[in-house]
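Inspection log for the structure reproduced underneath, given as structure tokens.
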Number of protein chains: 2
Amino acid sequence: MPESEMARELTPREQKYRRILRAAIEVFASKGYFGARMTDVAEAAEVADGTLYLYFEGKEHLLMSIFDEVLGRFIERLDEEIANMTDPAQKLSVMIRLHLETLGRDHALAHLLQIETRHSRRFMSTFSRGKLGEYLDRVRDIVEEGQEAGVFRRDISPGLATNLVFGAVDELVTSWLLAENPGDLLRHHKPLVRVLTDGIARGRGRQGGSS
Amino acid sequence: MPESEMARELTPREQKYRRILRAAIEVFASKGYFGARMTDVAEAAEVADGTLYLYFEGKEHLLMSIFDEVLGRFIERLDEEIANMTDPAQKLSVMIRLHLETLGRDHALAHLLQIETRHSRRFMSTFSRGKLGEYLDRVRDIVEEGQEAGVFRRDISPGLATNLVFGAVDELVTSWLLAENPGDLLRHHKPLVRVLTDGIARGRGRQGGSS
DNA sequence: CCCGCCTGAATGAATACTCATTCATGTTTG
DNA sequence: CAAACATGAATGAGTATTCATTCAGGCGGG
């Protein structure tokens, strides 16, 4: 019987599980997945090499677990936040804010997801598209909903719009990651949402900046 | 003394150099850079293992050479094609067409660039930004030019616009790559350019689709 | 209350294997 | 014949994973 639904104390096992995950994020991020040794992860987590194998099936499974955990939590939060919203444009904005927030807060995690994601994207695409696919589905849902509501243009395919949105956010994060002095990722939120919705071409009428 | 400037016969050495590069693209694409063995590359190129080292300093250098060659040629072609154009919007369109054309034509190359690029992006960003940086500079140039010419909106930073453009194209290619039955990548050209310039939000006035 | 038995989580040295790279030896070319 | 080029078996460094062993602490019997 679980103590209580919310805020239950983590079991010692869960604590160690998370400690290893956290360590793996740091190590994989700083040395790259292939450059990192399991010994490094063990050292960072302050456990013995063998202990890793009591919690994860192997190196690859460890990497996958990071994605599943992180993306799973992210999607959960996203669903909560947009659950009782009606405006698709607002949902889109929230989604992007959450995306930037999550990665902007955790540099190591961002590095891992942006740099190592691709390899697993191929892997993931092999069978279930995995959690990333789930996320992309959310984006598409919002776009379609927006089109039905008449807030978004109907003359573009939802797939293409999804590519635009995800690609832009993803690339923004990557360039932030590789920049010399990145600053706060969230400062790009409003401009990004605007350029996504309004596009690059000069607007007919409204024009923002003065300089 | 070079035979002639253009269309010179390739020396035997150049031929073998290219054969190895081509083989490396195929092998790296199909097994992933880290999963591929030098032996595999040698076999695919129909040369001995040791021969690889007569043409490249090592595995990593081989990978880098692919980027430099391919991106170098791409940028050259891009510069040629837009050299005597004046409309920034048209330049943007040409750039995107070239991007889609180049990758749409060569599945293995696309796979390699989309999947393995990230690792090397970190590497590249460490010192010289490399050819990819050069490409991104081209995108930014076009955007800035467009803003000065009044064709593109001035209220977004060129950096952000660059992220939007490159991110969208990049993500489009990736999703094409991972799709079950991809079709022709170029069919996305026109819609992509339109959604980039006009954005997702419902246009004020003009509306394309009938359904 | 104390002691010694158990359990299974944790350890980390040893293993078993994979590959990038080398170089002694052949082969072609001029 | 010499020089340049090509070969591919041998090398050895590096590392994911295993498993025999340790040990903390719960538990029952004296």
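Sequence lines set the chain letters: A, B, ... in the order given, protein chains first and strands last, and positions in each chain run from 1. Only heavy atoms go into these numbers, but all of them, side chains included; no hydrogens, no water, no symmetry mates.
Atom CG in A:Leu62 sits about 14 Å away from atom C1' in D:dT17, given to the nearest Å. Taking atom CD on A:Glu46 and atom P on C:dA10, their separation rounds to 14 Å, with Å as the unit. Whole-Å rounding puts the B:Arg13 CZ to D:dA6 C1' distance at 12 Å. One can place CD of B:Glu43 at 11 Å from P of D:dG8, the figure rounded to the nearest angstrom. Protein atom CG of B:Leu54 is 13 Å distant from nucleotide atom P of D:dG8, rounded to whole Å.
Ring planes of B:Tyr135 and B:His99: tilted class, angle from 30 to 60°. Ring geometry for A:Phe28 against A:Tyr33 counts as perpendicular: the plane angle is over 60°, on a 0 to 90° scale with 30° as the lower cut.
Within the structure, every side-chain polar atom (N or O) of A:Tyr55 is placed at least 4.0 Å from both OP1 and OP2 of C:dA9. A sub-4.0 Å separation between OP1 or OP2 of C:dA9 and a side-chain N or O of A:Lys16 is absent.
The salt bridge (Lys or Arg N to Asp or Glu O under 4.0 Å) search around B:Arg19 returns none, not counting sequence neighbours. With sequence neighbours excluded, no residue forms a side chain to side chain donor-acceptor pair (under 3.5 Å) with A:His188.
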Protein-proximity profile, nucleotides 12-30 of chain C, B/S/- by nucleotide at the 4.0 Å heavy-atom cutoff, equals B------SSBB--------
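Residues B:Met95 and B:Val139 have side chains in contact (heavy-atom distance under 4.5 Å, counting atoms from C-beta outward).
No salt bridge links B:Arg37 with B:Asp49; every basic N to acidic carboxylate O contact stays at or beyond 4.0 Å.
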